[in-house]
Amino acid sequence: MNPSINEKHPAMSTTDVAAHDEALRAQVRAAGTLLGDVLRSQARAGVFDTVETLRRGYIALRERDDAQKRAELQALVAGLPAETMTEVTRAFAIYFNLANLLEELHAHRTRRALAANGNPQWIGSFNRSFTDLADEGVSLEQALSRLERLSFMPVFTAHPTEAKPRAVLDALRRLFEWFRELAFDTPDERRHAEIEEHIRQNIQVLWKTEELRGSRPTVADEIRNGLYYFRASLFSSVQVIYRNLERALFNAYGERVEPPTVLDFGSWIGGDRDGNPYVTARETRYALRMQAREVLSEYLRRIDHLASRLSFSARWCNPSDAFWQSLADDEQRIAAHTGVRAERFAAEPYRRKLYLMRQRISAMVDQLQTELRLRAERSERSPVAYNSAAELVDEIRIMRESLAGHGDEAIAEDEIKDLQRLVQTFGFHLARLDLREESTRHTQCVHELFAALDICDDYESLDDTARTEILATELARNDVPDVSRVDVSGEVGDTLDSLAVVREFTRTLGVDAFGSYVISMTHNVSDMLALLWLMRASGVYEPGGATPPLAIAPLFETVADLEHIEPVLDGLLGQPAYRAFLEAQGDGTRRQEVMLGYSDSCKDGGIMASRWQLYKAQQLAVAVCDKHEVDSLLFHGRGGTVGRGGGPTHQAIVSQPPGTV
């Protein structure tokens, strides 16, 4: 039972809570019965009886502790043969997976019940949040202004502890869908029996599927596995989130508005060189191309579906002048490239427009397919491709406004609006790819390049003050030396190659293709200035030029680094060259991202020392940025869910130190 539900609805009686809990228990018992059927028919002799003995025994101990009974259960576990122990462990693992799925569905069902009763106001919901703001006197304009500054960005990583094989993920997904049908669709008796049989068979598949891979996944495997989540749920979820957000604003303020884009996605898979030595420039190119192909293919599916619906005849509607101009521009562009003027859907303007949009996106996919097949080291833009995702968004918006202009506003607010939201969220890149490298690698790069360019013979031997001074001097120059022909070691060459990929793909996928360059083990100001110099020397960033495609994010991991976060950030933000870099951000803001390491600080100093230093470090980071009139963005390197351990996300966020949210 979600504790926040009772907090909002104190009228819910103890009897009501017990009934809710009992419903969940009944579902878990039913799922356990199906698992038991599989164990009796598929497991080795004695496994089912052992599982039942342990399950019943530990439930009884939870209700009343009994030292003798506990000792008997522990002795039973200790005496199990290795093969039986393995199967017993697998049985409990499957059981808890089933329980987790049912608990998630139960929480969803409870929220739906509240919404159906006209009270969708659990703490942390959009409805509750905007209602509270409105009650506090916050106007709609002020609320939208706050949303403009909000960005929620989950970042995908290929963490080994999260590495379930695709077969297991697919099986769990199927189970979830069948459980959901039982919970929400009230099937008749025949269908109910069919679903139970599907669940039983799927549990049997899980039982005979290896839960862990037999070999270490390659970087390419990790990239493909990361894309699974977008295809399986995120593409469909994003549009629902925005519709709920719009509805909540209307419920609180009584006006229909389109909120700004607040969701973004990031990824380390294919860019984290510190976490995986097999990540090279080649893998980064592969990740970028696979991500782009995934999201563009989704757009093609959506466009095909829309084309089947928007079959308006030019005889029965009057599209806007802006729409006709957009259609003519596409016709001219494609005709100039192919030499042929497309004739399809000549009397159906919206289907024709969607057809031409499809031609342009298909050309982008074909280009990516060719580069993937050839493992190309360079990426090119198709002549008919969109210059940016913003251009595609503008075309969709023109279509929506045109539809609304001839009385079809309801259609303009439906699936075509969902497509617009997807493009605004995912662009042509799907997720912003972060790069990560350890600070010592950048020190090595600068050392070798400075020596080869006769700037400094022994950069590595200098202390931070001396390194900072020489880097500041070099960054103050109007031009930087050409490092493309400098003879360097393989490791330094790999780092420069990764920056070359950034320069190359920014031209084809846009500046949003990349997120941040995370510097792990950041200890000093020079660690960040070294990367800034490398970005200039490799042509990724030029003062006074285009918006930098990468932000620089120091990662403070150890307790000692967290303790020194204030002087390091203060020294960095006081550097003129670095402030110029921040001011070059395209949105007119100065924003400094700071990543906080949870796992390493915990290993380094223990849980309490780590949590206390993280608490202080967040406040110090925000205070230093405020002092320099720079916006701060905190990247919490927690791993797993924001709530961590199943707690509500809202409560996890508002429990952060005062002034940091």
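Atoms considered below: every heavy atom in the structure, side chains included; atoms not considered: hydrogens, waters and symmetry mates.
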Walk me through it: do T522 and D527 pass the test side chain to side chain donor-acceptor pair (under 3.5 Å)? CA-CA 6 Å; T522 297; D527 293 333; 5.3 Å; no
Applying side chain to side chain donor-acceptor pair (under 3.5 Å), run through S526 and N524 and close with a yes or a no. CA-CA 5 Å; S526 61; N524 302 299; 4.8 Å; no
Could you go through R441 and E438, starting from their C-alpha distance and side-chain angles, then the distance that decides it, and tell me whether this counts as salt bridge (charged side-chain N to carboxylate O under 4.0 Å, His left out)? CA-CA 6 Å; R441 177 61 65 84; E438 190 175 350; over 6 Å; no
In sequence, state the C-alpha distance, the side-chain angles, and the governing distance for F265 and H429, and then conclude on ring-ring contact (aromatic ring centres under 6.0 Å, His included). CA-CA 10 Å; F265 291 88; H429 58 281; over 10 Å; no
Could you walk me through whether R360 and E391 satisfy the side-chain contact (heavy atoms from CB on, under 4.5 Å) test, starting with their C-alpha distance in whole Å, then the side-chain angles of each, then the deciding distance to 0.1 Å, before giving a yes or no? CA-CA 12 Å; R360 298 184 69 183; E391 183 182 354; 3.3 Å; yes
Could you walk me through whether I361 and L392 pass the side-chain contact (heavy atoms from CB on, under 4.5 Å) test, one step at a time? CA-CA 10 Å; I361 296 175; L392 177 57; 4.1 Å; yes
For the pair E460 and Q444, evaluate side chain to side chain donor-acceptor pair (under 3.5 Å) and give the outcome as yes or no after the intermediate values. CA-CA 7 Å; E460 283 184 318; Q444 179 187 358; over 6 Å; no
Worked verdict on V480 versus L475 for side-chain contact (heavy atoms from CB on, under 4.5 Å): CA-CA 8 Å; V480 293; L475 286 166; 6.0 Å; no
Tell me, with the steps shown, if R536 and E542 meet salt bridge (charged side-chain N to carboxylate O under 4.0 Å, His left out). CA-CA 6 Å; R536 280 201 64 187; E542 180 61 36; 3.6 Å; yes
Test side chain to side chain donor-acceptor pair (under 3.5 Å) on D264 and S151; report intermediate values, then the result. CA-CA 7 Å; D264 207 349; S151 175; 5.0 Å; no
Verdict with supporting geometry, Y299 and F426, ring-ring contact (aromatic ring centres under 6.0 Å, His included): CA-CA 10 Å; Y299 297 160; F426 297 108; 7.8 Å; no
Would E437 and R273 satisfy salt bridge (charged side-chain N to carboxylate O under 4.0 Å, His left out), going step by step from the backbone distance to the final call? CA-CA 5 Å; E437 186 61 271; R273 304 175 203 290; 5.1 Å; no
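Here the shortest heavy-atom pairing between A621 and I565 reads CB-CD1, 4.1 Å. Residues L263 and T425 share a closest heavy-atom pair of O-CG2, 3.8 Å. Closest heavy-atom contact between L368 and A292: CD1-CB, 3.7 Å. Summarising the geometry of F581 relative to A551, their closest heavy-atom pair is CZ-CA, 4.4 Å, with the distance given to 0.1 Å. Minimum interatomic distance between I470 and C456 (heavy atoms only, all atoms of both residues): CD1-CB, 3.5 Å. The heavy-atom pair separating S632 from C625 by the smallest distance is CB-SG, 3.7 Å.
Counting heavy atoms from C-beta outward, Q359 and V384 have side chains that stay 4.5 Å or more apart. With a 4.5 Å cut-off on side-chain heavy atoms, R467 and V446 do not count as touching. Looking only at side-chain heavy atoms (C-beta outward), Y517 and D434 stay at 4.5 Å or farther from each other. With a 4.5 Å cut-off on side-chain heavy atoms, E222 and N276 count as touching. Using a 4.5 Å heavy-atom threshold, the side chains of R477 and E474 count as touching. Proximity of I519 to I552: side-chain heavy atoms (C-beta onward) are separated by under 4.5 Å at one or more points. Side chains of M153 and R432 form a contact here, defined as non-hydrogen atoms less than 4.5 Å apart. V630 is listed as a side-chain neighbour of R579, based on a closest heavy-atom distance under 4.5 Å.
Within 6.0 Å of the OH atom in Y278, the count of heavy atoms belonging to other residues, nucleotides or ligands does not exceed 12.
The CG atom of L634 lies 10.5 Å from the CD atom of Q619; values are rounded to the nearest 0.5 Å. Taking CG from L227 and CZ from R231, the interatomic distance works out to 6.5 Å, rounded to the nearest 0.5 Å. Here OG of S538 is found 9.0 Å from CH2 of W533. Values are rounded to the nearest 0.5 Å.
Under the 3.5 Å distance criterion, with hydrogens and angles disregarded, no donor-acceptor pair is assigned to the side chains of T465 and D463. When only modelled atom types and interatomic distance are considered, H628 and D570 share a side-chain donor-acceptor pair under 3.5 Å. A donor-acceptor contact closer than 3.5 angstrom is absent between the side chains of S382 and Q367. Judged purely by distance below 3.5 Å, without hydrogens or angles, the side chains of Y578 and Q592 pair a donor atom with an acceptor atom.
Distance alone, capped at 3.5 Å, places no donor-acceptor pair between the R436 side chain and the G271 backbone. Judged by distance alone, the side chain of Y242 and the main-chain N or O of P259 form no donor-acceptor pair under 3.5 Å. The closest donor-acceptor contact from the side chain of E371 to the backbone of R289 lies at 3.5 Å or more, if one exists at all. Counting only distance, with no hydrogens or angles, the side chain of S516 and the backbone of V518 share no donor-acceptor pair below 3.5 Å. The backbone N or O of M521 sits less than 3.5 Å from a side-chain atom of E557, completing a donor-acceptor pair. Under a 3.5 Å cut-off, the side chain of E566 and the backbone N or O of V624 do not form any donor-acceptor pair. Judged by distance alone, the side chain of H337 and the main-chain N or O of R333 form no donor-acceptor pair under 3.5 Å. The backbone N or O of Q656 sits nowhere less than 3.5 Å from a side-chain atom of T660 that would complete a donor-acceptor pair. In this structure, E283 contributes its side chain and T280 its backbone to a donor-acceptor pair below 3.5 Å. Listed for the T284 side chain is a donor-acceptor partner under 3.5 Å among the backbone atoms of G270.
The pair D170-R173 does not count as a salt bridge, with every side-chain nitrogen at least 4.0 angstrom from each carboxylate oxygen. Checked for salt-bridge contact, E298 and R301 meet the test: a charged N lies under 4.0 Å from a carboxylate O. A salt bridge is defined here as a Lys NZ or Arg NE, NH1 or NH2 lying under 4.0 Å from an Asp or Glu carboxylate O, and E504 with R378 fails to meet this definition. Salt-bridge annotation for E380 and R507: absent, with no side-chain N of the basic residue lying under 4.0 Å from a carboxylate O of the acidic one. Salt-bridge annotation for D418 and R421: absent, with no side-chain N of the basic residue lying under 4.0 Å from a carboxylate O of the acidic one. With salt bridges taken as basic N to acidic carboxylate O contacts below 4.0 Å, none links R224 and E294. Salt bridge status for D631 with R590: absent, with no side-chain N to carboxylate O gap under 4.0 Å.
Using cut-offs of 30° and 60° on the angle between ring planes, the pair W268 and F635 is perpendicular. Ring geometry, F450 versus Y459: the interplanar angle exceeds 60°, so the pair is classed perpendicular (tilted spans 30 to 60°). In this structure, F156 and F230 have tilted ring planes: the angle between them lies in the 30° to 60° band.
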